[in-house]
Number of protein chains: 2
Amino acid sequence: MVSYKEVVPRHPMTRRVTLEEVARAAGVSRATVSRVVNGVTSVDENIRQAVEEAISNTGYLPNLAARSLVTRRADAVALVLPDEDRVLGDPFFGRVVRGVMTVTAPAGLHLVLTTTGVGTGDQVLSDLKRGRLDGVILIHTSPADPLPGRLLDGHFPVVLSARPSVPLPITYVDVHQTAGASLAARHLRYAGRSRLATIAGPQDSPAGQDRLRGFRDAVGDDVPWVEGDFTLPSGAAAMSRLLAEHPDVDGVFVASDLMARGALPVLRRAGRRVPEDVAIVGFDDSRAALDCDPPLTTVRQPTEEMAAEMARLLVRQIEHPETPVAAVIFQPTLVVRHST
Amino acid sequence: MVSYKEVVPRHPMTRRVTLEEVARAAGVSRATVSRVVNGVTSVDENIRQAVEEAISNTGYLPNLAARSLVTRRADAVALVLPDEDRVLGDPFFGRVVRGVMTVTAPAGLHLVLTTTGVGTGDQVLSDLKRGRLDGVILIHTSPADPLPGRLLDGHFPVVLSARPSVPLPITYVDVHQTAGASLAARHLRYAGRSRLATIAGPQDSPAGQDRLRGFRDAVGDDVPWVEGDFTLPSGAAAMSRLLAEHPDVDGVFVASDLMARGALPVLRRAGRRVPEDVAIVGFDDSRAALDCDPPLTTVRQPTEEMAAEMARLLVRQIEHPETPVAAVIFQPTLVVRHST
DNA sequence: GGGGAACGAGAGAGCGCTCTCACGATTGAG
DNA sequence: CTCAATCGTGAGAGCGCTCTCTCGTTCCCC
């Protein structure tokens, strides 16, 4: 690391313009300027004009700390992410951020990024208490995380990115998991596959449960299934077992792209071609789906829209604390690639 | 979209504890509590203990808006990203965020995410003026963007992710571009390639210039080169020209992974195998490098470290406004995959 | 033309914190 | 033993804004 330096002095900041000065310039009181700034309608048109002129002449910009102090609003919300490398690297993350920002940016809300490291939950909570944050969006919170409950206890605005694993009176947005699974089922059937099976997600997670149930509802409870834990190795292991127990399987719904990616090499080594011999449908439309060979047909959630809705739900809670808890469920779609 | 709702009333927030109350509880003045909270040393040990006890008994947390109002610090910095879909989807983004957060989080600084949409520069600038932001980190700012200059004019703390295209007394972090290019050159040579060429980046960008210069410095000025503009199609076009003019080329340094990804299919269609007939080295180690077939050998910048350094430089500027402008240059490394 | 409603503007009290300044107590030197 | 220097604490003045409350006008209706 080499570093070059050169001296360039910085000048002191230009003095700030305050409400007071605008008021003096416009020949009115602070209160009136405040009214104009905040768009209160009950201001005489002439006066409003004068004030607006004074504002642009002086280059006035309200100090938000001062406003914050009295309104008790920080005009900032946090996006809390699990701090696994996986998440920040996944395009999913970018989509979430974009979706959320479509709502927060126009509303003048700051989007603060946080991860749930050790004790970071405390950080978020304290930021909320200290009036530095108005609410939080929790993405992929681990089932063991006590944060949702604590946020609820503090009556802070919060929205989850999925149904919580324990029933909690908390607002969340989710994809219709069972519908996604049956989308996969129908697609496999339509492609002429008749000996179906599924590699399910962990049955202690809502997504794992729902995706399995959806698939079984669509194709029958007697469909063979093996449980994985949403990780790549577990997908490989599950595929081996499935193949051993049901060598004639010709269509598999894998409850996550990552598991599917683990399953593909197993199939290949077992001499099965994808999609010719076995068709595979994944779930999530994550980065992993594209990294697969062949690229994965998968169930996709409308991530941007869901993220935007989370932001909207959060804003609503912030503005109307009495807003009832809500769950908004989105319909998934099927992205057909080359694994089916 | 289906939505279920149920009524769960939220209770009013528990009343906040203020300095005043802690002071009363500890039997001291507000000023003393403030001293303890802010770690001023000139406080009698007994009194300090009493105050600390009162703080934990009352569960006191300082209101940051109030503090902000007097200290004129927002304790928040913005990460400004170009708002191209590409960026948010690229793992590069995640690495930058992670790197920056390793510095901002422990410092208690909020990391605010922003994109440079139309007029968003104004937003950033006004947040700075309104005392809502202490400084900004600009990632991949387009050469035409007036924002860096305007930030400099306002004497706001700012750090760029690369050398600005026009000379500006501004702090930045960059990778040693020419060193990266010569890394690529040496690698190709070492792999026994002797008929080298390069697809350069746009020659009006610092990175484009430096990468070409580094390569030419390493292999000679007479090396064939074609200019692209860092995009995928331009890489394809450049490769076609290169192949037409120098059909015997056996090693190409492509100044961006994205262009390399455009070049690969052109080579394939021309009957050239990669790496057997032609070896390819890219630059950036972006997502595109992995999406290539075969995966790309590429020049990698230590993104996390660079991002962390940007954050450090920014913090220094915020805390010491007279800090001189600096440029910190990092050494790149070569990631060898299957295209060489 | 008089009474009351409706309306628009100003005065002023905070919001919770920091920080300067003054002051009493303690200490040390002469 | 006195006086000055030192140290720790408290009082109080803001920081810049919002918002309630009051008060003077205007307007309308009978």
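So that the names make sense, note that chain A is the first sequence line, chain B the second, and so on, each numbered from 1. The analysis underlying the following values was restricted to heavy atoms, covering all of them including side chains, and did not include hydrogens, waters or symmetry mates.
Residue contacts for B:R30: at a heavy-atom cut-off of 4.0 Å it reaches a base atom on one of the strands shown. Among the atoms of the strands shown, only primed sugar atoms or phosphate atoms (P, OP1, OP2) are found under 4.0 Å from some heavy atom of A:V28. Residue A:R35 is classed as a base contact, given a heavy-atom separation below 4.0 Å to a base.
If you take CG on B:N38 and OG1 on B:T71, they are separated by 9.0 Å, rounding to the nearest 0.5 Å. The line from CG of A:L64 to OG of B:S126 is 7.5 Å long, rounded to the nearest 0.5 Å.
Judged by distance alone, the side chains of A:E53 and A:Q49 never bring a donor and an acceptor atom under 3.5 Å apart.
Residues passing the ring-ring contact (aromatic ring centres under 6.0 Å, His included) test with A:F92 are A:H140, sequence neighbours excluded.
Residues from residues 43-54 of chain B placing a heavy atom under 4.0 Å of any atom in DNA chain C do not occur.
Residue B:S29 places no side-chain N or O under 4.0 Å from the OP1 or OP2 atom of D:dA11.
Residues A:N38 and B:L69 each lie close to DNA chain D; by heavy-atom proximity, the contact nearer the 5' end of the strand is made by B:L69. Comparing A:A31 and B:V33, the nucleotide of DNA chain C nearest to each residue sits closer to the 5' end for A:A31.
When each of A:L147, A:V80, A:L160 is paired with A:V136, the side chain to side chain contact (heavy atoms under 4.5 Å, CB included) condition holds for A:V80 and for no other. Of the candidates A:L125, A:V112, A:T114, A:V77, A:L133 forms a side chain to side chain contact (heavy atoms under 4.5 Å, CB included) with just one, namely A:V112.
A salt bridge links A:R312 to A:E309: one of the charged nitrogens lies within less than 4.0 Å of a carboxylate oxygen.
Rounded to a whole Å, the CZ atom of A:R73 is 16 Å from the C1' atom of D:dC19.
Scanning DNA chain C 5' to 3' for nucleotides with an atom closer than 4.0 angstrom to a non-hydrogen atom of chain B gives a first and last hit of C:dG16 to C:dT20.
Counting heavy atoms from C-beta on, the side chains of B:F93 and B:T303 never come closer than 4.5 Å.
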